[in-house]
Protein chains: 2
Amino acid sequence: MESAIPPHLRCPRTREPRASQDYTPPYPAWVARLKPSVTQLGMGYFGVQYARADQADAAFGTLTTLLQQFASEGGPGHHDLARYVDEAGFITLVAIGYWEDAADLRRWLATPVVAQWWNDPVRTQEGLGHFREIVYPRAANLETLFSTPDRFEGVAVLAEGRSDDIQEHGYWGSARDRLPASQTDALRGSGAPTVANRSGPRVTLHGHDGLALIRSGQEWTETSGHERDLYLQQVEPVLAKGMRFLSHEGAAIGCHLNRYMQHVDTQGHPLEKSFGLSYWRSLEHLERWSESHPTHIAIFGTFMNMVQEMNFNLKLRLYHEVAVAQAGDQLYEYVNCHPCTGMMRGVVAGSFMLGQATAPKGAESD
Amino acid sequence: MESAIPPHLRCPRTREPRASQDYTPPYPAWVARLKPSVTQLGMGYFGVQYARADQADAAFGTLTTLLQQFASEGGPGHHDLARYVDEAGFITLVAIGYWEDAADLRRWLATPVVAQWWNDPVRTQEGLGHFREIVYPRAANLETLFSTPDRFEGVAVLAEGRSDDIQEHGYWGSARDRLPASQTDALRGSGAPTVANRSGPRVTLHGHDGLALIRSGQEWTETSGHERDLYLQQVEPVLAKGMRFLSHEGAAIGCHLNRYMQHVDTQGHPLEKSFGLSYWRSLEHLERWSESHPTHIAIFGTFMNMVQEMNFNLKLRLYHEVAVAQAGDQLYEYVNCHPCTGMMRGVVAGSFMLGQATAPKGAESD
């Protein structure tokens, strides 16, 4: 057993971890180990949003274009494709890219193939919404956690290896204890998202210091029989309900946005894995929801029931990645999106005509 | 809103609380305020244990004697009566006394009326077990919490008043944050209970540093209709199951003993209030069970469901008291008790004849 904090980022603590050195977790878990040379990464959520079924082909065409951009010079070291229906009823396809170096993502965004497409006036004339939400997580402000040691998801796919089983998990507050920066930093949140620039249907927002994001996922590909039934019939509905709460009502408890997304393949077909992605006013707000809100207690409780019923022998895979980012390490850009999209919800929505944000007729409901 | 830590015990922190100064709890709660002159209290659990229904009258006679002792010079400022069936199937009646000053309890224990009765050789010849478990909690190492501001239970009945609604609750780790000593002390546990003296059927044990005890109670007297049904049919069975786990299997996770007790009146009739009393190797062990063990997640989850279903408008009363005690502030004495009783379980039980500890025939089962 070792610390989740990689050796090269350990330092004399000015802040105590929540668990003592004697603590032994009740079951094993592992974290990704990035190369020590990695200091700041890049991650981008590139989305295309549409309201009507007859726009599905056009939206999927955009996803294909995004994939071609990913495959171009300087593209991400790892990517995922996913789909969700947002709280206003809009269908959204997302290409998610991970870069080992923030500078590489900045350079890629500036390449002609990416920049010209993004800035093309056509983007505002297709009847589709487009967004890109970019965060540059510092290695000291990023942590991952996996229930299985043999395969990674998300940012961890960029890692050069994995830890031994780690000590800091199995208790509330362990995500904080795994973040190297928490050794000396309270990781407080401050400020609020603000509009940096608005030009017609193009809106750019800045984030704020101490914003926390979590991608928390599960894969049920390898489950079968009773375990599969338990996950799909008991766990997933409770998870979906909690995700819905965060998407619709999370603002009141410090959640800027939440999306419950399912992976899709390059043909747009769903895969048997999903994740929640949420952005929070601070790590503390995320902690409070996780550990004490009825919706997450229900998720945690139903999952614990499953673990017990399966006698701690699961084929279900679980993981998450958590980052805490400063204002300068975030950028949110929306083109032709409805005003409740992403980080715009709490900032821009009020100033648009309300009618624009209501659920489109014929769109799917989550 | 104010801090749970009383003004006269606040000091410059060397250890951070888990919640930030900006944190606002999702619902109100209150703590008892002892007189600032109170520095160390006394609490004692005085039990009589029996195995067969035909011993009930004799045991109840002992409870009456204990009550007479409580009423004698120097008796407790507040007391409760309660009953439980232990994990070996023995029925136990307990008189619980609270003294505002540790010295008062020490003096009372030394009074002839108490000492002569306790030391009388007859105690070993009645076919009953007797015990007294004494803890002297320091005010800086004691915290209470109440869901209602108008009436207290347990040690808090000794208080001169109550706080305003307090900040440090509604998150895991808040009990620690409410303990004044936690401002500068990690409140670690160390050591183990040891036999201090054994003389035939009389066994005295010492505790150990950093032992944590919690009395966590509920009263459903004022509930009715749907709320009462929810508590009795949904919450209580899950609570009982978690209590049973701790009583039977808690040792493996650091729980020395657990008793799920129901209040009784002076005639021995049950009242509509109950509490769990448990002793732990450390506050951290208690924290870990509370926040992550399936049995407590189930309790917490079912209670949260009830709160939501009642729209946060409950007649159910909830409270707890938590103390962290050093070895010198504890004393455990058993006379003629079965060797799995109380703190003896992990220390003495193995050296007795095993047959003595099996459940008596005809005794109730929990």
Side-chain angles (χ1 to χ4, degrees), chain A residues 13-27 169-174 176-177 182 184-190 210 238 241 245 252-254 281-312, chain B residues 13-27 169-174 176-177 182 184-190 210 238 241 245 252-254 281-312:
Chain A
R13 281 186 170 275
T14 58
R15 303 185 64 84
E16 292 293 323
R18 181 144 188 259
S20 71
Q21 290 195 319
D22 305 332
Y23 169 72
T24 306
Y27 47 87
H169 75 97
Y171 58 94
W172 300 112
S174 58
R176 180 181 291 268
D177 287 354
S182 74
T184 57
D185 186 341
L187 297 169
R188 301 254 184 266
S190 64
V238 176
K241 188 177 173 190
F245 167 79
I253 56 165
R281 283 171 53 198
S282 71
L283 179 61
E284 186 176 18
H285 284 92
L286 167 56
E287 289 173 326
R288 291 297 97 82
W289 176 71
S290 304
E291 70 192 33
S292 59
H293 197 275
T295 55
H296 192 262
I297 294 302
I299 295 170
F300 190 67
T302 188
F303 173 71
M304 291 298 257
N305 284 345
M306 175 181 175
V307 169
Q308 287 200 295
E309 198 157 331
M310 295 307 298
N311 208 11
F312 288 84
Chain B
R13 281 187 171 274
T14 58
R15 304 185 64 84
E16 292 293 321
R18 183 146 186 260
S20 72
Q21 290 196 319
D22 304 331
Y23 168 72
T24 306
Y27 47 87
H169 75 97
Y171 59 93
W172 301 112
S174 58
R176 182 182 290 269
D177 287 354
S182 74
T184 58
D185 185 342
L187 298 169
R188 301 253 184 264
S190 64
V238 176
K241 188 177 173 188
F245 167 80
I253 57 165
R281 282 170 53 199
S282 72
L283 180 61
E284 186 176 18
H285 283 93
L286 167 57
E287 289 173 326
R288 289 298 95 82
W289 176 71
S290 304
E291 70 192 33
S292 59
H293 196 275
T295 55
H296 193 262
I297 294 302
I299 295 171
F300 190 65
T302 188
F303 173 71
M304 289 298 258
N305 285 344
M306 175 181 174
V307 169
Q308 286 200 296
E309 198 157 330
M310 294 307 298
N311 209 12
F312 289 83

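Not measured: the values here are computed from a predicted model. Chain A is the first sequence line, chain B the second, and so forth, proteins listed ahead of strands; every chain is numbered from 1.
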Counting only heavy atoms not in R176(A), do more than 12 fall under 6.0 Å of its CZ?
-> yes

Residues pairing under salt bridge (charged side-chain N to carboxylate O under 4.0 Å, His left out) where one sits in residues 290-307 of chain A, two or more places apart or in two chains, turn out to be R288(A)-E291(A), E291(A)-R18(B)

Taking every heavy atom of E284(A) against every heavy atom of A19(B), the minimum-distance pair comes out as OE2-CA, 3.3 Å

From R188(A) CZ over to Q21(B) CD, what is the distance, rounded to the nearest 0.5 angstrom?
-> 7.5 Å

Distance from H285(B) atom NE2 to S20(A) atom OG, nearest 0.5 Å?
-> 7.5 Å

Of all residues at least two apart in sequence or in a different chain, which pass the ring pair (Phe, Tyr, Trp, His ring centres under 6.0 Å) check with F303(A)?
-> none

Would you give the length of the straight line joining atom OH of Y27(A) to atom OG of S292(B), rounded to the nearest 0.5 angstrom?
-> 7.0 Å

